[in-house]
Amino acid sequence: MTAFDLEAGLEARHKAQLFRRRLTLETPQGPEVIIDGSPCLAFCSNDYLGLANHPEVLASFQKAAAEYGVGGGASHLVIGHSRAHHELEDALAEFTGRPRVLLFTTGYMANLGVISALLGSKDAIFHDRLNHASLLDAGQLCGARFQRYLHVDPESLETRLARSEANRKLVVTDGVFSMDGNLAPLPELAEKAKKHDSWLMVDDAHGFGVLGKGGRGCASHFNLDMDQLPVLVGTLGKGFGTSGAFVAGSEALIETLIQFARSYIYTTSMPPAVAAATLTSLKILEQEDWRRSHLNDLISRFRNGCEQMGLELMNSQTPIQPLKVGSAENALRLSQHLKQQGILVTAIRPPTVPQGESRLRFTFSAAHSIDQVDRLLDALDELAADIREATA
Ligand SMILES: Cc1ncc(COP(=O)(O)O)c(C=O)c1O
């Protein structure tokens, strides 16, 4: 056996029921999709508002591709920063009520860029223990003292903040937790951060479009201004239905990122047509409140239906509705049974979630109909006994 015996690692992952397989999507994102040749009703995308294949978003993309071509062609600091990017940054600044916004090519890169531009070895980062992998990875990369506080627990955060003698202290949290669907207690976290002379950074990947006035996310939901929440990250691949990410904050923050965020500087800009398409999706997202109210109707119907079947969902009011089923094997088996009924729901397993906390993660979109949620509930009804046993 050599140090590069990759087969052994893959075999171990198989045995632990943790092997990942990619499904091949043959249609645009939407409730009804074709996966590997089979039609399915899907409850697993992050296209919360149904904008990924919206005709106006698509038309803007096509028009901008005709105007700018396909590739960004260079990094933002060379010659890859187009008028389309700039307009989107200005529109997002107005939307978030922050002086400036900076676009990144992905949310993962935004988190790496911000955290490593702000922190170094004399500093400390304070993570909710269930933060998204991109935040945790960024925390490791930046070299700051790495601490995790108990999930959504401001007191646990405060104990750690009070003990720290670091130069800069950055408290980092998901706004809506990606695998649990619950919200971080942002007003309390902001208060603790301020009290201990720290900054709060929120990754609101799953809140934008869904929560707050006109879809302005967690900051609006909790009414937090820039003083309470100086670093606000959003992603564009979820509620916005396109791709990329942004950071919103002060003039000095954004200029610091332009100068020092390596994942901003050393990479090609996102395709300008994606920025132009996002400008259109931003308008729809902001104006069409019916998408959020329909989404809330779907979530209530699903939660009520599960309750009637005796299925205990996690405590979430967002479009992320997980059902814990214990082992990875349970999650895979139940997801496979649903697939046989033409319903696609992802089995979420370690290391994405802790051992013994595997789950079926249902996600809803404004593009789903009430009838489609009822189809899902009918399919779950057939499996209810099995699920109850798995969760007993
Ligand atoms: C909370 C959170 N942050 C960041 C990301 C990464 O964003 P992106 O897909 O744009 O890289 C995701 C998911 O993809 C996420 O769920």
Side-chain angles (χ1 to χ4, degrees), residues 20 22 25 29 44-49 51-52 72 85 88 92 101-116 125 127-142 148 151-152 170-184 186 189 200-212 217-219 221 229 231-248 257 261-264 267-271 274-275 277-278 281-282 285 314 316 318-322 346 348 351-353 359 361-365:
R20 268 68 170 164
R22 297 177 303 168
L25 178 67
Q29 211 54 263
C44 36
S45 91
N46 301 315
D47 180 22
Y48 300 126
L49 298 183
L51 298 180
H85 294 121
L88 178 60
L92 285 168
V101 153
L102 192 70
L103 290 178
F104 282 76
T105 308
T106 69
Y108 198 110
M109 291 166 76
N111 287 337
L112 285 192
V114 174
I115 291 175
S116 51
I125 185 160
H127 279 290
D128 183 291
R129 63 179 287 274
L130 296 189
N131 271 353
H132 188 260
S134 56
L135 295 169
L136 299 173
D137 292 356
Q140 302 279 8
L141 182 76
C142 73
R148 292 167 104 171
H151 182 50
V152 297
L170 185 67
V171 177
V172 179
T173 182
D174 285 22
V176 174
F177 287 87
S178 56
M179 296 300 136
D180 299 59
N182 59 332
L183 267 66
L186 295 185
L189 297 178
L200 176 63
M201 166 174 172
V202 172
D203 173 351
D204 202 16
H206 299 274
F208 275 111
V210 171
L211 298 172
C218 284
H221 176 83
L229 173 44
V231 188
L232 178 57
V233 176
T235 64
L236 303 173
K238 304 184 195 309
F240 285 86
T242 61
S243 180
F246 64 90
V247 181
L257 297 180
R262 294 168 67 85
S263 62
Y264 180 76
T267 195
T268 302
S269 62
M270 72 163 65
V274 172
T278 308
S281 82
L282 171 61
L285 175 152
M314 291 175 73
S316 160
T318 68
I320 301 170
Q321 290 291 326
T346 322
I348 306 285
T352 310
V353 290
R359 61 200 70 176
R361 177 176 177 266
F362 304 90
T363 53
F364 294 90
S365 162

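We count ligands from 1, going down the list as the structure has it; atoms in each ligand are counted the same way.
- In this structure, the side chains of Ser269 and His85 come closer than 4.5 Å at one or more pairs of heavy atoms.
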Compile the donor-acceptor pairs under 3.5 Å between side chains in residues 104-113 and protein atoms, sequence neighbours left out, one pair per line.
residue	atom	partner	partner atom	Å
Thr105	OG1	Thr268	O	3.3
Thr106	OG1	Tyr108	N	3.4
Thr106	OG1	Met109	N	3.0
Tyr108	OH	Asp137	OD2	2.3
Asn111	ND2	Ser134	OG	3.0
Asn111	ND2	Asp203	OD2	3.0

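- Ring-plane geometry between Phe240 and Phe208 is classed as tilted, the angle between the planes lying from 30 to 60 degrees on a 0 to 90 degree scale.
- Although no hydrogens or angles enter the test, the distance criterion places no donor-acceptor pair under 3.5 Å between the side chain of Gln321 and the main chain of Gly181.
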Note down each nitrogen or oxygen pair, ligand 1 side and protein side, whose separation is under 3.5 Å; give only atom names and the distance to 0.1 Å.
residue	atom	partner	partner atom	Å
ligand 1	3 (N)	Asp203	OD2	2.5
ligand 1	10 (O)	Gly107	N	2.7
ligand 1	11 (O)	Gly107	N	3.1
ligand 1	11 (O)	Tyr108	N	3.0
ligand 1	14 (O)	Lys238	NZ	2.8
ligand 1	16 (O)	His206	NE2	2.6

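- Panel note: side chain Asp204, backbone Gly234; no donor-acceptor pair is recorded below 3.5 Å.
- Leu49 and Ser365 make their closest contact through C-OG, 4.2 Å (heavy atoms, listed as atom of the first residue, atom of the second, distance).
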